[in-house]
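Worksheet: one structure, shown below.
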Amino acid sequence: MLLTHFYSVFFIFILLGARLHGSSFENHGSWKSSTFSFISRFWSKSVSYIDSDNMESHNSGKMVAISHFKADNGDLELSSPGRLSTINQAVAVSGIGANWGSQTSHRLPPETMVRMLRENGIQKIKLFDADYDTLRAFGRSGIEVMVGIPNDMLATFASSSKAAEKWVNKNVSHHISTNNVNIRYVAVGNEPFLKTYNGTFLRTTYPALRNIQQALVKARISNQVKVTVPLNADVYSSSTSLPSGGDFRADIHDFVIQIVKLLSDNNAPFTINIYPFISLYTDPSFPVEYAFFDGNATPLNDGGTNYYNMFDANHDTLVWALQKNGFGNLPIIIGEIGWPTDGDRNANLEYAQRFNQGFMAHISGGKGTPMRPGPIDAYLFSLMDEDDKSIDPGNFERHWGIFRYDGQPKYPLNLGTTNSGSLVPARGVIYLQQKWCIMKQNARLDGSDVAPSVSYACARADCTCLGYQTSCGNLDARGNISYAFNSYYQKNNQLDDACKFSGLGTITRADPSTGTCKFNIMIKAYYASAGQLSGCILRTSTLVVSVALFLLTNL
């Protein structure tokens, strides 16, 4: 009931055509800002135009390390064309990786995805679970796999070494020996020390890690498969607002060191997720240029070492933290790094292309960072958009992919791994029929059923493109309503009943897309196992019942 009232009030603004600056269909960080533990002051004191009395507030714009909560992942000019020639020569040496999440309503077949990865020269993939069919599809592909253990499984493995052994045998050993999958890492949890978890996983992460490591040893694959714990950059901070002041957060210091020691003892890497976009999202005063790699930002001087971008400064804060605690040589993996393309005014194709291409150029020569020269091992976040992700952190959460939901590239991106120098789309994608659900032309915008119908659609589908300065931010009230209706209609496989909306909706074969706003047609859903098929049947049954109840209560 509360959710219904919230959305009803919320969409009144759309019906009125509200376009207030900064307003959108998202929580603009009031909840999310509590996850940010470390906002360091990074402006160089030599910047003469900054009033010294305002230095404190101005400096808060640059961040060394920030947290990022992941709820459990037209042609543009290339931003740095002069650097692209170096990418082909160097990036493919160690290979670029990508994160592949599964929180999507209509997934492409794993075989299609693996073929797309191979055709794009993406040599490493990071998963957030251990789906059997997904892992099996990587057999004999040569692609290096990091398989994930969700946070909600940590307690089980922490308390039972037998459970850890069973999981390793089923999800790692079996795929290596039977399906010839190149599993290289097991990610134990995903950002389990985020402040927003309120310590839920503090005391289970290390025991789970230890038991998984012991299970790998028992299975005699510990030399091939290494454990790691993907952590958010909020696990470290700086006492001096400079990278050299870096250390692990005092309240979790001992917990992190436990993990670091186990990783070091077993020649395993420290995995960290770094997100300059979140700095820009949460702090309007954050200097935009410092998020990118063009060298246009005012540098941060740390004892004679200049930092021209947030990534290097963030990364080296971690290096200093490891060094201060006696683990200066521990390998580091960038588990997640990227830029979203929609759902926020700073989440757009231009910025995403600029950031990701800049990052590729930045790491292409193997230069590394001032404190850690050499090749950088990184996984782009992410491979695909995920329309079922939580939008608690922000509407951008569903738009991190370098590919759309259907495996089509969003923008030009040279990974340095293909002859064409551009992304290769997924092949053999099967779409539903060329039809859309829109609001009837004769339906009144001020009708009593409009707001609850839109609320219903957006609560169960995806309206994250309908915000201030987003891809569909320029639609009028009728366009907003039609977009919401179509999103629900497509997500539910173009079921006729999914376009009723108390008589407000109608099906059309004329594409309502306009300008930058794309009214999507959904792809044919992939269901691999009996469990997934039964889930599909259950979802369809639930849809029929919920639509019937909605219609009955709005007659």
Side-chain angles (χ1 to χ4, degrees), residues 3-4 7-8 10-12 14-15 17 25 104-106 342-343 385 387-388 391 395 398-399 404-406 408 429-467 470-525 536 539-555:
L3 181 63
T4 301
Y7 275 103
S8 297
F10 193 59
F11 280 96
I12 290 298
I14 294 175
L15 299 179
F25 293 3
T104 179
S105 63
H106 291 65
D342 215 337
D385 283 351
D387 64 346
D388 273 346
I391 58 173
N395 283 356
R398 294 177 178 175
H399 303 280
R404 286 161 34 96
Y405 68 98
D406 55 358
Q408 304 306 303
V429 179
I430 302 175
Y431 293 87
L432 302 184
Q433 295 184 52
Q434 293 282 309
K435 57 183 183 179
W436 299 261
C437 176
I438 61 173
M439 186 183 193
K440 289 181 177 178
Q441 286 299 316
N442 61 353
R444 295 179 53 181
L445 292 174
D446 59 353
S448 61
D449 292 330
V450 173
S453 294
V454 175
S455 301
Y456 183 88
C458 286
R460 292 160 179 81
D462 183 18
C463 294
T464 55
C465 296
L466 297 175
T470 57
S471 64
C472 296
N474 292 322
L475 295 180
D476 59 15
R478 190 174 297 274
N480 278 310
I481 297 166
S482 293
Y483 186 94
F485 285 3
N486 185 65
S487 180
Y488 181 79
Y489 175 66
Q490 300 294 340
K491 189 168 184 177
N492 290 288
N493 301 308
Q494 298 183 350
L495 185 69
D496 286 346
D497 282 347
C499 190
K500 298 296 186 183
F501 297 108
S502 301
L504 296 171
T506 185
I507 296 172
T508 179
R509 292 190 177 273
D511 189 350
S513 300
T514 176
T516 61
C517 186
K518 176 73 173 177
F519 280 60
N520 291 325
I521 292 178
M522 190 48 70
I523 61 175
K524 183 178 180 181
C536 174
R539 285 193 296 272
T540 303
S541 301
T542 303
L543 167 65
V544 173
V545 172
S546 61
V547 169
L549 289 174
F550 175 74
L551 294 175
L552 287 173
T553 56
N554 286 276
L555 290 176

(message) Using the side-chain hydrogen bond (donor to acceptor under 3.5 Å, both in side chains) criterion, which residues pair with Asp388? Sequence neighbours excluded.
(response) Lys491
(request) Please report the closest heavy-atom contact between Asn395 and His399, naming both atoms and the distance. (result) O-CD2, 3.3 Å
(message) For the backbone of Ser471 and the side chain of Asp342, can you confirm whether one donor and one acceptor N or O come within less than 3.5 Å of each other?
(response) yes
(request) Taking all heavy atoms of Ile521 and all of Gln490, pick out the closest pair and write down the distance. (result) CA-OE1, 3.6 Å
(request) Compare every heavy atom of Ile481 with every heavy atom of Leu445, then report the nearest pair and how far apart it is. (result) CD2-CD1, 3.8 Å
(message) Quick one: does any side-chain atom of Ser455 pair with a main-chain N or O of Ala451 as donor and acceptor, under 3.5 Å?
(response) yes
(request) I would like to know whether Cys465 and Cys517 meet disulfide (SG to SG under 2.5 Å); could you show each step before the answer? (result) CA-CA 8 Å; Cys465 296; Cys517 186; over 6 Å; no
(request) Go through the structure and list residues passing side-chain hydrogen bond (donor to acceptor under 3.5 Å, both in side chains) with Asp462, not counting sequence neighbours. (result) Arg398, Thr464
(request) Could you list the residues that satisfy ring-ring contact (aromatic ring centres under 6.0 Å, His included) with Phe485, not counting sequence neighbours? (result) Phe501
(request) First locate atom CE of Met522, then atom CG of Asn493, and finally report the distance between them rounded to the nearest 0.5 Å. (result) 8.0 Å
(request) Any chance you could measure Ser487, atom OG, to Asp387, atom CG, to the nearest 0.5 Å? (result) 7.5 Å
(message) Show, in sequence, the C-alpha distance, side-chain angles and deciding distance for Tyr431 and Lys524, and conclude whether the side-chain contact (heavy atoms from CB on, under 4.5 Å) test is met.
(response) CA-CA 6 Å; Tyr431 293 87; Lys524 183 178 180 181; over 6 Å; no
(request) Ignoring hydrogens and angles, tell me if any N or O in the side chain of Asn492 forms a donor-acceptor pair with the backbone of Tyr488 under 3.5 Å. (result) yes
(request) Spell out, with a plain yes or no, whether Cys458 and Cys463 have SG atoms under 2.5 Å apart. (result) yes
(message) According to side-chain contact (heavy atoms from CB on, under 4.5 Å), who are the partners of Asn520, at least two apart in sequence or on a separate chain?
(response) Arg404, Tyr405, Lys518
(message) Let me confirm one number: the CG-CG distance from Asn480 to Leu466, rounded to the nearest 0.5 Å.
(response) 5.0 Å
Using a 3.5 Å cut-off and no angle test, enumerate the donor-acceptor pairs between side-chain atoms of residues 432-442 and protein atoms at least two apart in sequence or in another chain.
from, atom 1, to, atom 2, distance (Å)
Gln433, OE1, Arg509, NH2, 3.1
Trp436, NE1, Phe519, O, 3.0
Lys440, NZ, Gly503, O, 3.2

(message) Test of understanding: with side-chain hydrogen bond (donor to acceptor under 3.5 Å, both in side chains), list the residues that count as partners of Thr508, not counting sequence neighbours.
(response) none
